[in-house]
Amino acid sequence: MKIGLLSMAHIHAGLFYAPYFQQTGHLHAIWDDDEARGREAAATYGCRFEPDLAKLLRAVDGVVITTENTKHKDLAVAAARAGRHILCEKPLATTRADCLTMMEEARRAGVILMTAMPCRFHPAYHRIKAAVDNGEVGALVGIAATNQGHYPGGWFGTPELAGGGTVMDHTVHVADLLRHLTGSEVKSVYAVADRRFYPDVPAEDCGSISVEFENGVIATIDPSWSLPKPYARPFNVTMEVVGTQGTITVDMFYQVIDLWAGGNSLEIWGSNAYHLMPQRFVDACTKGAPVVVTGEDGFRAAEVAFLAYESIRQGKPVVRGA
Amino acid sequence: MGARHASAVTRTGHELVAVAGRRQEAAEALASRYGARGTIDYRSVLADRSLDAVIVATPTHLHREYAVAAAEAGKHVFCEKPIALTLADGEAIIGACRKAGVRLGVGHALRYFPMYAMATDLVVEGKLGRPGVVRAARYNRYPMGGGNWFADESKSGGVILDLNIHDFDWLRWTFGEVASVFTRIRSGPQYAYALTVLRFDNGTIAHVEGSWAHGGFRMAYEIAGSGGMVSFDSDKHLPLVVKSRREAEAGPGVIIPDSPLAEDPYVVQLKDWLDGRPMRLVPEDGLAALAIGLAALESARTGEPVRPAYRGGEAG
């Protein structure tokens, strides 16, 4: 399978996708609306730089969209119309209309639209999901979750490119896990958010989101860019899962060794979900493996962020679909 | 809490004179450990002129009755948290103590726990910069024993007024007055779980988790500010764990985590009150913590964010 990487704008493009697809022999070309950045990446990862999007789309079987969030939709529509499979960074898009357009175009073209949610591929998550499904903790009651991180900098703090701040950036990973774990859809969302850590960044940097699911389970998501620099952990995904007959305490990326060498870092030895997830995209495209985290899943997760922004505007809980 | 306070009193340099309870046998059993007398007649205790002060550790819904009676008998009063289940009851206790000219202590012991007080100091001294987002969690088993009045919401106020109120008080001490409270609760046979989002006047956001659905006790916090972050977790920051392989009452293989201190926070708290030193909270703080809890219950009922009906220094 030949893969085109659409932009190096997202930090994950250089951290994960380009090296992984280079290593697995799938990386065919890089397109970027910043030509210098694209050419440099192409040289680094040993592939072609293609400044003409239409030409790139003719030459590949699938694309990975790693632009700024607000540019996802136009690239996804172009890829779908060219009949190319799509793996899109999260959030799927920054508006409901954009999400629905992407889903519809992919459906009409008969191409795969997969949302990049690596947590769903993490073996620790599989264990949690099995424990819940097996009834090890009884019936689900509530879940307090976090996806905190460093402020990533760059366009992530520019709402015109990111679609918001930390609520847009960090809500969706956990929202997707919560939907999958509860097997239910979000019913109502209450959220607060503020700019309290980075006064110069024109987007919210912290918040707290309270969710009620249609099956009655309650949950909260802490999406804050609250982890200080320097700090040994640049991000986390944690959950306190409470059931009628037990609990699960999760710190998903805490399979680490504690390293002190000119500073402290926690080096992760747990399985790399950023290998498992893109590999599934390839397997889905080439072997018919089921897509994990579809376009619709990506939309439903992003919808929690959209509802959170609506709640923040109104100062009260909002009901989905109301 | 009665047994804990009885033991603590004897380590303050003051004397435990009497234990009043509902069952003679139980009152005597506890009292005899400390050379005190046990009784079911609390009026006889209040009538005892040799006795200066009374600790009220009854079920919460009875605090007003006993605390007011003690104040009227001229005894200094220490009232376990929450001060009461309603603002009117709390105000009545405060009013009765003021009228009688006796000292009223309210048992928000968390202010005396060093790991919590240290965090408060860091925030107040500005070491963490501008506070941003805070998480406080408190987990325990579903309450058992003691006639199991804790499990009866009409007596204890449930997980919000009995458990979360610790963190509500500590957070208000640390970050100031609460502007709004949003809470969701789920409860059923043998479990209760509450998730609360607080917004403070100064803009700080706090997430407060309270559970009577866990297998054992755990408490934790995390405070992130523009200048840094501080966190504590009783499961992680633990100096010792005793793992006994001996057959014991509780069954074989008992695991007891422990974090001993030279100065028991409950003793320090009672000493402040008994020795007439300023306590780390005034009675109105107990009322304000209760008001946050009542706002949480109202929010859970109505589904809307609620402003506490009483805030420090404000009339109800």
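Naming: A, B, ... by sequence-line order, numbering from 1 per chain.
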Just do the salt bridge (charged side-chain N to carboxylate O under 4.0 Å, His left out) check on A:D176 and A:K90 with the steps written out, would you? CA-CA 11 Å; A:D176 176 63; A:K90 47 58 50 178; over 6 Å; no

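- Most heavy-atom pairs under 4.5 Å with chain B: of the set A:A191, A:G243, A:S188, this distinction falls to A:S188.
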A:Y125 and A:H180: ring pair (Phe, Tyr, Trp, His ring centres under 6.0 Å), yes or no, with the steps? CA-CA 10 Å; A:Y125 176 69; A:H180 190 247; 5.6 Å; yes

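- For a residue to count as touching a neighbouring chain, one of its non-hydrogen atoms must lie under 4.5 Å from one of that chain's; by this rule A:Y198 does not touch chain B.
- Taking the six-membered ring where tryptophan is involved, the planes of A:F306 and A:F299 are tilted, since the angle between them lies from 30° to 60°.
- Only the side chain of A:T249 has a heavy atom closer than 4.5 Å to any heavy atom of chain B.
- No other option in A:K229, A:Q148, A:E240 has as many heavy-atom pairs under 4.5 Å with chain B as A:E240.
- Less than 6.0 angstrom separates the ring centroid of A:Y274 from the ring centroid of A:H12.
- Ranked by non-hydrogen atom pairs under 4.5 Å with chain A, the options B:G303, B:S211, B:G225 are led by B:G225.
- Residue A:I143 touches chain B through its backbone alone, counting heavy-atom pairs closer than 4.5 Å.
- Atom OH of A:Y254 is surrounded by 12 or fewer heavy atoms from other residues, nucleotides or ligands within 6.0 Å.
- Heavy-atom pairs under 4.5 Å with chain A peak, among B:D235, B:T183, B:T196, B:N202, at B:N202.
- Interface residue A:T220: backbone and side-chain heavy atoms are both found under 4.5 Å from chain B.
- Using a 4.5 Å cut-off between heavy atoms, A:A219 contacts chain B through its backbone alone, with no side-chain atom that close.
- Residue B:Y142 does not touch chain A at all, counting heavy-atom pairs closer than 4.5 Å.
- Interface remark: A:V319 contributes no atoms to any contact with chain B (heavy atom separation under 4.5 Å).
- Under the salt bridge (charged side-chain N to carboxylate O under 4.0 Å, His left out) test applied with B:R111, the options B:D285, B:D167, B:D121 reduce to a single match, B:D285.
- For B:H108 and B:F168, the ring centers sit 6.0 Å or farther from each other.
- At a 4.5 Å heavy-atom cutoff, the contact between A:T247 and chain B is made by side-chain atoms alone.
- Residue A:K129 qualifies as enclosed at atom NZ: its count of foreign heavy atoms under 6.0 Å is above 12.
- The most heavy-atom pairs under 4.5 Å with chain A, out of B:S187, B:S226, B:A206, come from B:S226.
- Per-residue counts of heavy-atom pairs under 4.5 Å with chain A were compared for B:G132, B:A194, B:G228; the largest is that of B:G132.
- A distance below 6.0 Å separates the ring centres of B:W170 and B:Y221.
- Neither the backbone nor the side chain of A:Q245 comes within contact range of chain B; no heavy atoms are under 4.5 Å apart.
- Contacts between A:V242 and chain B at a heavy-atom distance below 4.5 Å involve the side chain alone, from C-beta outward.
- Per-residue heavy-atom pair counts under 4.5 Å with chain A were compared for B:H214, B:H207, B:R218, and the maximum is reached by B:H214.
- Screening B:R186, B:R184, B:E209 for a side chain to side chain donor-acceptor pair (under 3.5 Å) with B:Y193, the sole residue that qualifies is B:E209.
- Checked against a 6.0 Å centroid threshold, the rings of A:F253 and A:H122 count as neighbours.
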